[in-house]
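Both counts, for ligands and for their atoms, begin at 1 and track the order of listing.
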Amino acid sequence: MKKSLKILLVAAAVLVPGWSMAQKWEGLADTPQMGWNSWNKFAGNISEKLIREQADAMVAEGLVDAGYIYLNMDDCWHGERDADGFVQPNPNTFPSGILALSDYVHSKGLKLGIYSDAGRKTCAGKTGSFGHEYQDAIQYARWGIDYLKYDWCSTENINPRGAYTLMRDALRAAGRPIFFSMCEWGSNKPWEWAAEVGHSWRTTGDITARFGGTARQRGWGQTVLSIIDQNAPLRKYAGPGHWNDPDMLEVGNGMSVNEDRAHFSMWCMMAAPLILGNDLSKMTDDTRAIILNKKVIAIDQDKLGVQGLRYKTENDIEYWFKPLENGDWAFCLLNRSTEPVECNIDWQEYNFTDDEVSHLSTSFDVITYDIENLWETNSKKAKVGTTKKALKVTVPGHDVAMYRLTPNQKKK
Ligand code: GLA
């Protein structure tokens with residue numbers, strides 16, 4: 001680079017606030033990312049065979065058509081670094097190498113994700129990226145990787161913002177657009193500083209396939225409800241390009257159908273990344289019906305990109321609203337208790353403006369909305385009237401009732 005140009009760039013970086021030479025890749029996260037990850041079901045037991053099987057299932061089950069495009073290997077794909085310091089996969093479990101795997105995954109219309117860690121070791125004790133950030137980013141780009149989940153184990157006294165910015169810059173410099181999924185569990189409030197660094201950041205410790213019960217405030221062993229409680233207050237930090245990540249899905253991993261449905265619905269209400277965590281090659285019809293409900297997915301993927309609002313909690317029922325494109329709203333009743341609860345929704349009690357994020361108003365006093373029940377598969381029965389009349393519904397224990405409200409006059 002010419003000396004004068006270099007001086008100009010450095011001067012601009014110093015003088016223009018928020019201007020830095022490197023940026024994250026833009027345009028990869030206009031809506032929350034969707035895909036699958038190996039950790040929740042398979043933990044460290046992964047291989048190229050398993051990843052190929054899951055890729056096949058993603059296509060065969062119609063998941064790719066529904067929007068699930070990332071197929072992400074989590075911890076334990078790793079072998080050692082070679083003599084030049086380039087990380088290699090475990091030769092026993094990934095004998096064909098990552099490039100061959102990514103070619104296969106790409107040929108199926110999917111994108112391939114990989115996992116690393118800002119420390120010397122990953123959480124399962126494998127090779128971390130510390131000191132090799134640029135080299136790892138180059139390796140991922142060569143392999144045709146499309147997504148990096150970057151964890152936070154063994155980081156000792158590293159500065160979190162510095163460590164994640166370093167990897168962002170490395171990914172940028174490597175020249176291949178790679179989605180950057182930050183996984184430091186919310187320990188350093190990434191929502192306050194990471195919008196320019198990553199495309200999403202974890203807001204909590206690790207999820208388990210448990211709905212409620214004894215929940216921890218932070219750390220491992222989180223439940224669906226404890227995660228919702230930590231993620232709900234962070235809505236103002238999320239938006240297109242930078243999402244709160246309340247961790248990957250546990251649908252199909254052992255909770256009841258009601259709990260799975262509630263979990264999935266709430267992740268959609270919170271505009272969360274939808275990263276499946278079950279064995280896609282062995283799904284029940286109930287699991288299929290949940291993760292392939294396109295009307296519910298559309299709430300998550302709505303272009304407005306606003307994380308839903310927990311409006312109130314009463315008698316164990318949470319009342320959630322999410323503003324959507326074109327004046328629509330999603331409305332969801334979440335039952336935290338194990339017993340069914342009867343609700344009677346008089347819409348006039350819910351006139352409010354979302355002052356915190358979208359500045360949109362429900363305006364039930366002047367707008368009549370058509371109500372569609374998003375979990376009713378019979379399309380006639382799904383149309384449950386308008387907001388002129390109160391809505392009566394019984395929400396089963398650990399379940400939801402979820403609706404899309406559409407201004408009635410739009411159809412005239
Ligand atoms: C951490 C992450 C998990 C998973 C494991 C892998 O616990 O939060 O999502 O990636 O590491 O070891």
Side-chain angles (χ1 to χ4, degrees), residues 32-47 50-51 54 70-79 87 89-90 93-94 112-130 136 140 145-156 158 160 163-164 167 178-191 194 197-210 215-224 226-228 230-231 234 243-254 263 267 270 272-279:
Q33 68 269 33
M34 293 175 65
W36 177 88
N37 173 293
S38 51
W39 185 255
N40 283 356
K41 177 71 185 175
F42 299 100
N45 305 314
I46 60 170
S47 63
L50 174 91
I51 301 298
Q54 297 298 313
Y70 290 106
L71 179 61
N72 298 342
M73 298 180 275
D74 206 279
D75 212 341
C76 302
W77 60 268
H78 318 68
V87 67
N90 181 328
T93 44
F94 290 83
L112 185 64
I114 209 160
Y115 162 98
S116 190
D117 188 293
R120 283 179 212 284
K121 296 270 179 217
T122 69
C123 294
K126 307 294 176 198
T127 315
S129 290
F130 184 82
D136 284 355
Y140 304 152
I145 295 294
D146 306 292
Y147 187 112
L148 172 64
K149 172 175 167 184
Y150 203 48
D151 215 336
W152 192 237
C153 280
S154 315
T155 44
E156 289 140 31
I158 309 177
Y164 280 96
M167 191 41 119
I178 294 184
F179 190 107
F180 192 28
S181 158
M182 297 174 43
C183 179
E184 62 70 84
W185 325 304
S187 314
N188 301 280
K189 301 195 173 152
W191 44 88
V197 182
H199 298 104
S200 66
W201 50 78
R202 283 274 297 277
T203 55
T204 73
D206 287 6
I207 194 168
T208 48
R210 286 190 305 138
R216 302 198 191 164
Q217 253 327 93
R218 294 218 75 83
W220 271 237
Q222 296 292 326
T223 66
V224 168
S226 73
I227 287 185
I228 291 172
Q230 290 165 74
N231 198 59
L234 303 175
W243 305 103
N244 288 322
D245 174 4
D247 207 357
M248 304 173 293
L249 295 162
E250 291 280 16
V251 177
N253 282 345
H263 169 33
W267 263 231
M270 296 193 298
L274 298 180
I275 304 292
L276 304 166
N278 57 313
D279 183 351

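Annotation for ligand 1: atoms under 4.0 Å from non-hydrogen atoms of C183 are 2 (C), 8 (O). Atoms of ligand 1 lying under 4.0 Å from any heavy atom of W185, numbered from 1 in the order shown and given with element: 2 (C), 8 (O). Of all atoms in ligand 1, numbered sequentially from 1 with element shown, those under 4.0 Å from a heavy atom of A124 are 12 (O). Heavy-atom contacts of R202 reach the following atoms of ligand 1: 8 (O), 9 (O) (cutoff under 4.0 Å).
Under a 4.0 angstrom heavy-atom cut-off, Y115 registers as being in contact with ligand 1.
Distance CH2/W152 to CD1/I158: 5.5 Å, rounded to 0.5 Å.
D74 contributes no side-chain N or O that, together with a main-chain N or O of Y115, makes up a donor-acceptor pair within less than 3.5 Å. When atom types are taken as modelled, the side chain of D247 and the backbone of I207 share a donor-acceptor pair closer than 3.5 angstrom. A donor-acceptor pair is defined here as one N or O able to donate and one able to accept, closer than 3.5 Å; such a pair exists between the side chain of D146 and the backbone of L112.
At a 4.0 Å heavy-atom cut-off, ligand 1 does not touch A43 at all. Counting heavy atoms under 4.0 Å from ligand 1, residue T122 does not touch it at all.
Closest to atom 7 (O) of ligand 1 among all protein heavy atoms lies D206 OD2, 2.6 Å. In this structure, the protein non-hydrogen atom closest to atom 4 (C) of ligand 1 is D74 OD1, 3.5 Å. Nearest protein neighbour of atom 5 (C) of ligand 1, counting heavy atoms only, is W39 CE2, 3.6 Å. Scanning the protein for heavy atoms near atom 11 (O) of ligand 1, the closest one is D151 OD2, 2.8 Å. Of the protein's heavy atoms, K149 NZ, 2.8 Å lies nearest to atom 9 (O) of ligand 1. The closest protein non-hydrogen atom to atom 12 (O) of ligand 1 is D75 OD2, 2.7 Å.
In the model, W36 has no side-chain atom that pairs as donor or acceptor with a side-chain atom of N278 under 3.5 Å. The closest side-chain donor-acceptor pair between Q33 and Y147 falls under 3.5 angstrom.
Shown here is K41, whose NZ atom has no more than 12 heavy atoms of other residues, nucleotides or ligands within 6.0 Å.
Just one residue in the list D75, T127, D117 forms a side chain to side chain donor-acceptor pair (under 3.5 Å) with T122, and that residue is D75.
The aromatic rings of Y150 and F180 sit tilted, their planes meeting at an angle between 30° and 60°.
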